[in-house]
There are 2 protein chains.
Amino acid sequence: MRDPDPNGQARRHSRADIVRAALQLLDDEGLPNLSMRAIADRIGVQVSALYWHFRNKQTLLAQVSERLLESGTIDSDAAGDIESIAVNFHERLLAYRDAAELVSSSLALGLITLPARPLIHDAAVRAGLEEQGATIAADTIVHFVIGFTFHQQQRMNADSAGVAIHETATMTVADIGSQGDDFRAGLRLITAGIRATVAESRTA
Amino acid sequence: MRDPDPNGQARRHSRADIVRAALQLLDDEGLPNLSMRAIADRIGVQVSALYWHFRNKQTLLAQVSERLLESGTIDSDAAGDIESIAVNFHERLLAYRDAAELVSSSLALGLITLPARPLIHDAAVRAGLEEQGATIAADTIVHFVIGFTFHQQQRMNADSAGVAIHETATMTVADIGSQGDDFRAGLRLITAGIRATVAESRTA
DNA sequence: ACCTGAACACCGTTCAAGT
DNA sequence: ACCTGAACACCGTTCAAGT
């Protein structure tokens, strides 16, 4: 029924199995429905079984966050410019329902680190910023990307639930399409600030 | 025992009373402990009584968000520059425990508007940005302020809980003091971007 | 090593019924 | 108009016990 492992034991579920199932469930049902019981149901196990694999719900969710972030870190990012790294980060968050909120809380609890952060930092250094300035730039961009995507995904949920009787109802196709443009425009505002800061430090 | 209202009825609790109690409770116990039962307990009433005053928990929390934001909108903000408006907004969020997270979720659900947003928008127009650019600038700054403060308050919670055995333990007094500086530095990066964008549009 | 079953102390929300 | 009491369908977490 199930592959035995080398020593012939049963080995019913690995940590990775559970994280994968939880990620699936997140995308299908959204963060509010991602309960320990729902995850346990998904893999056909009792809730309490999850507590053999994970200390608590937050650490399980942190590993889900990590998995959803790591999956597609593109090689070229390591040498890319700030804007493309941020766009890539944004796209990865958009790939799963409620990902921004999930990542935001794991991050706030200090349970994960963002692969994009050092990439942006280094790109900022390459752009001419010093250590300290690059750290602030990376944090600013990370806050922007997560905040923007959080808001964006919440609107997506509201729209798909049809709860939007008010202004959202008047949103045209052009408005929806402009969200991606707004993201890039916000990003460019920050990168323009970085370039201006670099230029200023050179004339000083 | 209790002031009767003009028509001699009992009038036990107004909406404003409940919101005030909830705001108190938020500051004392934090957002995770701000349950409907805890709020009801605080004012000496059954949980179900709250549902006569509010449709559900989210709308109650939205009114708490509004109250915590409105209380100190300074007159000079209306004509101030972007940085001082943002600093004022930041300070108001810092005035109550977990305020950034609370406001973030009320905002995402579309249940509140931020007083700071039109102020920043208008200040951006005054700085030379056009309508569309000013909207994007306001959103970018709002995302930054909320994201930064959310993260900051979560760290404050972790610290006060003494959960921080890892790096936070090595945080010096200078590090703590530098958080305010980091906020201003991030803000200045964005305002530098605004100035650069304005300057660029004038040479074009 | 990995999981079951049952329990504990909670949640948000609804609704008939009281005054 | 404003609130009680009780119930419903959930939560996260713990723990003895099984295999």
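- Taking every side-chain heavy atom of Trp52(B) into account, dC2(D) is the closest of dC2(D), dT4(C), dT14(C).
- Here, dC11(C) and dA7(D) have their C1' atoms 14 Å apart, quoted to the whole Å.
- Looking at the side chain of Arg37(B), the nearest of the listed nucleotides dT13(C), dT4(D), dC11(D) is dT13(C).
- A straight line from CG of Leu60(A) to P of dT13(D) spans 10 Å, rounded to a whole angstrom.
- For Arg12(B), the listed nucleotide lying nearest its side chain is dC3(D); candidates were dC3(D), dC2(C), dA6(D).
- Put simply, OH on Tyr51(A) is 13 Å from C1' on dC8(C), counting in whole angstrom units.
- Pair assignment for dC3(D): none, as no Watson-Crick or G-U wobble contacts are both less than 3.5 Å.
- Atom-to-atom, CG of Leu50(A) to P of dT14(D) comes out at 13 Å; the value is rounded to the nearest Å.
- Taking every side-chain heavy atom of His53(B) into account, dC3(D) is the closest of dG5(D), dC3(D), dT13(C).
- Closest to the side chain of Met36(A), from the set dG12(D), dT4(C), dC11(C), is dG12(D).
- Looking at heavy-atom distances under 4.0 Å, Ser35(B) makes contact with sugar-phosphate atoms alone, never a base.
- Rounded to whole Å, the distance from CD1 on Ile18(B) to C1' on dC2(D) is 10 Å.
- Using a 4.0 Å cut-off between charged nitrogen and carboxylate oxygen, Arg42(A) and Asp28(A) count as a salt-bridge pair.
- Rounded to a whole Å, the CG atom of Asp41(A) is 11 Å from the P atom of dT4(C).
- In this structure, Glu29(A) atom CD and dC10(D) atom C1' are separated by 15 Å, rounded to whole Å.
- Checked by atom type, the side-chain pair His151(B)/Glu101(B) shows no donor-acceptor distance below 3.5 Å.
- The side chain of Ser48(A) approaches dT4(C) more closely than any other nucleotide in the set dC3(D), dT4(C), dT13(D).
- Between the CG atom of Asn56(A) and the P atom of dC11(D) there is a distance of 17 Å, given to the nearest Å.
- Annotation: of the two residues near DNA chain D, Asn33(A) and Arg55(A), the 5′-most nearest-nucleotide partner is Asn33(A).
- At a threshold of 4.0 Å, the pair Glu83(A)-Arg184(A) counts as salt-bridged, since one of the basic side-chain nitrogens sits closer than that to a carboxylate oxygen.
- Remark: P of dC3(C) and CZ of Arg15(A) are 10 Å apart, rounded to the nearest angstrom.
- Across every strand in view, dA17(D) sits unpaired, with no contact that passes the Watson-Crick or G-U test at under 3.5 angstrom.
- Nearest to the side chain of Gln46(B), among dG12(C), dT4(C), dG5(D), sits dG5(D).
- Residues Asn56(B) and Tyr51(B) approach most closely at CA-CE2, 4.0 Å, considering heavy atoms.
- Nucleotide dG12(C): paired with dC8(D) (Watson-Crick or G-U wobble, both distances less than 3.5 Å).
- The side chain of Lys57(B) has dG12(C) as its nearest neighbour among dA6(C), dG12(C), dT4(D).
- Side-chain contact between Leu114(A) and Phe89(A): present, with at least one pair of heavy atoms (C-beta onward) separated by less than 4.5 Å.
- Counting only heavy atoms from C-beta outward, the side chains of His143(A) and Val145(B) never approach each other to under 4.5 Å.
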